[in-house]
Amino acid sequence: MGNSALKAHLETAQKTGVFQLTGKGLTEFPEDLQKLTSNLRTIDLSNNKIELLPPLIGKFSFLKSLVLNNNRLTALPEELCKLKKLETLHLNGNHLRQLPAAFGQLLALKTLSLSGNQLRTVPPQLCGLRHLDVVDLSKNQIQNVPDTVGELQAIELNLNQNQISQISVQISHCPRLKVLRLEENCLELSMLPQSILSDSQISLLAVEGNLFEIKKLRELEGYDKYMERFTATKKKFA
């Protein structure tokens, strides 16, 4: 892509606060964007070939949305965690194995999408994020859901298409969790904490495609309590 095209995009971004350059085969984050650190609210560089996010990402202090789906990122810089206004972060279809240690500093974060990466666990850094609404960790390599999950503040947690065979009972203590998606994992019925049914806020539990028949779930103690929450939620949205 030529410099003139990039220049045009930069000029538009200066006016709109949005820089969108998708599917252009970019191999690196455009350095010229640093001229707009105080303008930009949204950066979308999806469907490129970016392998590295430079430390200068930390300078975009007004950034609210960062979208880097379908690139080649293997790690994220600690500087990303300086984005105090970031509300939306989409990193689907990369090669990420973990999140930066300081990730819990992204205090404004509401939506985090990490589908189709190489995560092996639910990142504990997520538990400090008080405004997190939706977390998508589907299509990773997660095998178990650890005790730290009990402090997760999310309303929806998507763990579809992982390799989960164990879930901490602490998941039923999540204060705001309403939707839990666990489709196409490796769960035996005995490994699903019954407290999710009897003693949690969860009103939609999606568990199709595991190692048990769904009708067996209905025989578990607490299922009627879960159905009460499920039906009440349905009525609310009807």
Side-chain donor-acceptor pairs under 3.5 Å in residues 66-77, sequence neighbours left out?
unit_1 : atom_1 : unit_2 : atom_2 : d
N69    : OD1    : L91    : N      : 3.4
N69    : OD1    : N92    : N      : 2.9
N70    : ND2    : N47    : OD1    : 3.0
N71    : OD1    : N48    : N      : 3.4
N71    : OD1    : K49    : N      : 3.3
N71    : OD1    : I50    : N      : 3.0
N71    : ND2    : L45    : O      : 2.9
N71    : ND2    : L68    : O      : 3.3
N71    : ND2    : N69    : O      : 3.3

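- Residues V134 and L205 fall into different hydrophobic clusters, defined by Ile, Leu, Val, Met, Phe, Trp and Tyr side chains chained together at heavy-atom separations under 4.5 Å.
- Residue I164 is grouped with residue L189 when hydrophobic side chains (ILVMFWY) are merged at heavy-atom distances under 4.5 angstrom, including chains of intermediate members.
- Pairs engaging residues 93-105 under the side chain to side chain donor-acceptor pair (under 3.5 Å) rule: R97-Q118 [sequence neighbours left out].
- In terms of heavy-atom proximity, L217 sits nearest to L192 at CD1-CD2, 3.6 Å.
- Residue S200 holds its OG atom at 8.5 Å from CG of L180, rounded to the nearest 0.5 Å.
- Under a cut-off of 6.0 angstrom, the local environment of NZ in K178 is crowded, with over 12 non-hydrogen atoms contributed by other residues, nucleotides or ligands.
- Remark: S195 engages S172 in a side-chain hydrogen bond (donor to acceptor under 3.5 Å, both in side chains) (not counting sequence neighbours).
- Under the rule for a salt bridge (Lys or Arg N to Asp or Glu O under 4.0 Å), the partners of R176 that lie at least two apart in sequence or sit in another chain are D133.
- Remark: E156 pairs with R181 by the salt bridge (Lys or Arg N to Asp or Glu O under 4.0 Å) rule, at least two apart or across chains.
- At a threshold of 4.5 Å between non-hydrogen side-chain atoms, the residues E183 and S138 do not count as touching.
- Under the 4.5 Å side-chain contact rule for hydrophobic residues, L211 and L197 do not share a cluster.
- Of all heavy-atom pairs spanning M191 and Q166, the tightest one is SD-CG, 4.2 Å.
- Remark: T37 engages Q34, K59, F60 in a side chain to side chain contact (heavy atoms under 4.5 Å, CB included) (not counting sequence neighbours).
- Residues V179 and I155 fail the side-chain proximity criterion, which asks for heavy atoms closer than 4.5 Å.
- Every residue two or more places apart in sequence or in another chain was checked for a salt bridge (Lys or Arg N to Asp or Glu O under 4.0 Å) with K84, and none qualifies.
- By the side-chain hydrogen bond (donor to acceptor under 3.5 Å, both in side chains) test, N144 is found to be paired with no residue, residues two or more places apart in sequence or in another chain being considered.
- Under the side-chain hydrogen bond (donor to acceptor under 3.5 Å, both in side chains) criterion, S46 pairs with D44, not counting sequence neighbours.
- Under the salt bridge (Lys or Arg N to Asp or Glu O under 4.0 Å) criterion, E213 pairs with K215, not counting sequence neighbours.
- Taking each heavy atom of L26 and P30 in turn, the nearest pair found is CD1-CG, 4.1 Å.
- Partners of H90 by side-chain hydrogen bond (donor to acceptor under 3.5 Å, both in side chains), not counting sequence neighbours: none found.
- Taking both residues in full, the closest heavy atoms of F29 and P54 are given as CB-CD, 3.4 Å, listed atom of the first, atom of the second, then distance.
- For residues 176-224, the set of pairs meeting the ring pair (Phe, Tyr, Trp, His ring centres under 6.0 Å) definition, not counting sequence neighbours, comprises Y223-Y226.
- Annotation: E221, atom CD; neighbour count of heavy atoms from other residues, nucleotides and ligands within 6.0 Å does not exceed 12.
- The closest side-chain heavy-atom distance from L109 to L126 is not below 4.5 Å.
- Separating the NZ atom in K139 from the CG atom in N158 is a distance of 9.5 Å, to the nearest 0.5 Å.
- Using a 4.5 Å heavy-atom threshold, the side chains of L177 and I171 count as touching.
- When side chains are defined from C-beta on, F230 counts as touching L204, because their heavy atoms get closer than 4.5 Å.
- If you check the side chains of T111 and T88, you find no donor sitting under 3.5 Å from an acceptor.
- When all heavy atoms of C186 and N210 are compared, the closest pair comes out as N-OD1, 3.4 Å.
- When all heavy atoms of N140 and G116 are compared, the closest pair comes out as ND2-N, 4.0 Å.
- K85 places none of its side-chain heavy atoms less than 4.5 Å from the side chain of S61.
- Here S65 contributes atom OG and L83 contributes atom CG; the two are 11.5 Å apart, rounded to the nearest 0.5 Å.
- Taking the side chain as every heavy atom from C-beta outward, P123 and L137 approach each other to under 4.5 Å.
- Counting heavy atoms from C-beta on, the side chains of L182 and I167 come closer than 4.5 Å.
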